Amino acid sequence: MSDEIRNNITIVDNGNGDEPQLSYTDNKPFARVLEARLARRTLLKGSAGATALGFMSLGLAGCLSNSSSRDDDDAPGNGGGETGPLIGFTAVPTSESDEIVVPEGYSYQVILPWGTPITGEYPAFDLANTGAEQGMQVGSHHDGMHFFPIEGEEPFEGSSDEGLLVMNHEYVEPRFMHLDHIGVALGSGAVVMRGDGTRDRDQALKELNAHGVSVVHVKKRGDNRWELVQSDYNRRVTGLTPMELHGPVRGSNLVKTKYSPEGHATRGTLNNCAMGVTPWNTYMAAEENWAGYFGNRDNPLPREHARYGIGAQDSRYRWALANGGGEEFTRFDATSTGASATEDYRNEPNCFGWMVEIDPFDPTSTPKKRTSLGRFGHEGVVFGPAIEGQPVVCYSGDDSANEFIYKFVSEQPFVKGSTDGSILDTGILYVAKFNDNGTGEWLPLVYGQNGLDAANGFADQADVLVNTRLAAGIMGGTPMDRPEWGAVDPNNGDVYFTLTNNSGRSTEIGANPRINNQHGHIIRWQEANGEHASTTFEWDIFLFGGDDGISGQANLKGRIPGEAADGSEDVALTADNLLSSPDGLWIDKDSRVWIQTDIGEGSQNTGVFEVFGNNAMLCADPATGELRRFLTGPIGQEITGVITTPDQKTMFINVQHPGATTTPAEWGTDRRYVRSSWPDRNPVRVPPRSATVVIWKDDGGVIGS
Ligand code: FEO
Ligand code: CA
Ligand code: CA
Ligand code: CA
């Protein structure tokens, strides 16, 4: 970059760009946790045995159990039919290295880094790639992911050698994407403005095209490694892809725009964090921190913007200021400029914050935003097992401080072979209320009921859904410590949710019992009568994060002494398993609970977080309480996204934002010093890149066994 240009630019930075948080509290605290736990013990012992069965084995503690062998082929969690302990690997230590570390006896391969050509003209990766070329390449900041067996029939059954790997791309770091951002002192969320105050148009296009979802046909080779198949299935869904709105919000005045005066459509999906897999073999991409992509200078702001953190500030990447204009860019400024909503983009932010259904086996299909599932900072969605003739049930967390956990119950029953995504368009969205005595209730968000009516400014069910957070607060949902991924144990129906952290929590409540919750916890519940559609449940805390001291205090305080399966009291986490900020979560068919961490890049390897090292993935056996660290990642990243092939012999995980801890000064003064050079090891020419990691066991066994 010449000095003339360098002197003529402006750098703007809305923060580190990772997960900007809006903290909101409007619910009252409950009683202290210890009293709650004791009350619940009484309740469990006095209730029907079946109700308590899901919680028979608490006490996730240090890796201390010596009674972990499994010799009963019928035991839950032994679905593979193998004998021996569920967790058979030796824990890896914490790491501050710029490497992937897996247990002894495992190997890995890195595939599909940002910029890998997958479709169209297959343009080779180069930092000089255009915006259009990015639209034919893998996006950036890989997150939630699923492997769809190539038969295209069942989401978890079929080929383990060939399939469609479908993954989200959560956000971008412009400094790593554009040639003229190299050598400029930029933070991970900063962008360079042109001298006339605009953004370079093709850079804005490149960033939009680096968002969204990739569908990639992949195939296993003879040596356990996997390769890309150049196939018509390969597809990029981006921040510009035409999408339809479905469910109660379709056609509402709140989503009518100049692009879609009928309120039926919008363009693109953004900030796709975790995901979901439907029982009918489609993919659901979540829209999480989408609000930061918009600005609105109207005064007063509509509540459907203000409650989500949209304000007069410029949008995250300044796309609305792309030089030359164009509504695909200017729509990110939601300020009212036209005579009516169909003459501007005041309602564009209302077209985001949804779960987006994509059929990976139909590359020409139009993605559908399923508005019945609510509008908030969707981390992802997890479905309960689909049962013939029963409603479809799915759970979704709102990852922002003091926001809520939701579930949707379909009106129509599941019918294998004929049910499709339209079943998600009618039903009831509930918000979770976690009582401090270990019980819980699902509170319906239905227009006309319990104050969700004109008295509180709601016009109809579409209004309730566009303002889901507001409605949930009015109903009395429990504000949580940033709900991230959920998972359902396929063997007993227990539902788990990670609550990653909430250092702003100043009052203890039963389900979020730590003030200044720096390290997060995992909550678990079982629905009444084992039915996911039930409106009541019983909950427990599965795990408190922390170092060996903090986690021990929390586990001892937050648990019922003697409730562990072996009668011992819970103890602190140890060097083999201490963790902070649980985020990614998945339970495999044998009931291994896979836990991924996301300590923010501003905290990693410093202060109280130093002991945890780089972000990692751990594996728990909920029956024995064992927990072991399985993998550590390179510098500056988070581990996120996890799935195995149906035979459980190949695991795919994602490494997101390696090198994000690089400071502006480091990036500005010496491009070669970027902290991480993962995975290319070519710091002079290639910045760190998000990528997928394929893991296998050298003896061909089940991952984790
Ligand atoms: Fe994008 Fe809540 O993690
Ligand atoms: Ca993150
Ligand atoms: Ca996440
Ligand atoms: Ca996170």
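As the structure is a prediction and not an experimental result, all values here were calculated from the model. Just follow the structure's listing: the first ligand is 1, and inside any ligand the first atom is 1.
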Would Glu638 count as a contact for the Ca ion (ligand 2), in the sense that one of its N, O or S atoms lies under 3.0 Å from it?
->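 Yes.
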Please determine if the Ca ion (ligand 2) has an N/O/S atom from Asp143 lying under 3.0 Å away.
->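 Within the cut-off used here (under 3.0 Å), Asp143 places no N, O or S atom near the Ca ion (ligand 2).
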Is atom 1 (Fe) of ligand 1 under 2.8 Å from any N, O or S atom of Asp143?
->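 So Asp143 does not count as coordinating atom 1 (Fe) of ligand 1.
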Closer than 2.8 Å to atom 1 (Fe) of ligand 1, do we get an N, O or S atom from Glu484, backbone or side chain?
->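 Checking atom 1 (Fe) of ligand 1 against Glu484, no N, O or S atom falls under 2.8 Å.
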Can you tell me the N, O or S atom of Asp598 that's nearest the Ca ion (ligand 2)?
->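 In Asp598, the heteroatom (N, O or S) nearest the Ca ion (ligand 2) is OD2.
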Atom name of the N, O or S atom in Glu170 that lies nearest to atom 1 (Fe) of ligand 1 =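 It is OE2, the N, O or S atom of Glu170 closest to atom 1 (Fe) of ligand 1.
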Begin with the C-alpha distance, continue with both residues' side-chain angles, and end with the deciding distance and a verdict on ring-ring contact (aromatic ring centres under 6.0 Å, His included) for His519 and Phe609.
-> CA-CA 9 Å; His519 301 302; Phe609 297 95; 5.3 Å; yes
Lys368: side-chain contact (heavy atoms from CB on, under 4.5 Å) partners, not counting sequence neighbours |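 Glu244, His246, Arg370.
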Step through it carefully: locate the ring centre of Tyr406, locate the ring centre of Tyr430, and say whether they are under 6.0 Å apart.
->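 No; Tyr430 has its ring centre 6.0 Å or more from that of Tyr406.
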Are Tyr496 and Trp485 close enough that their ring centers fall under 6.0 Å?
->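 No.
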Has the side chain of Asp314 got a donor or acceptor atom that lies under 3.5 Å from a matching backbone atom of Arg318?
->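 Looks like no, no N/O pair under 3.5 Å.
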Looking at Phe125, does the NZ or CZ of Arg689 lie under 6.0 angstrom from its six-membered ring centre and within 45 degrees of the ring axis?
->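 Because its charged atom sits under 6.0 Å from the ring centre and within 45° of the axis, Arg689 does stack over Phe125.
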Which atom, counting only N, O or S, brings Glu379 closest to atom 2 (Fe) of ligand 1?
->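 Closest N, O or S atom of Glu379 to atom 2 (Fe) of ligand 1: OE1.
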What does the angle at atom 2 (Fe) of ligand 1 come to, between atom OE2 of Glu288 and atom OD2 of Asp399, rounded to 10°?
->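 OE2 of Glu288, atom 2 (Fe) of ligand 1 and OD2 of Asp399 span an angle of about 80°.
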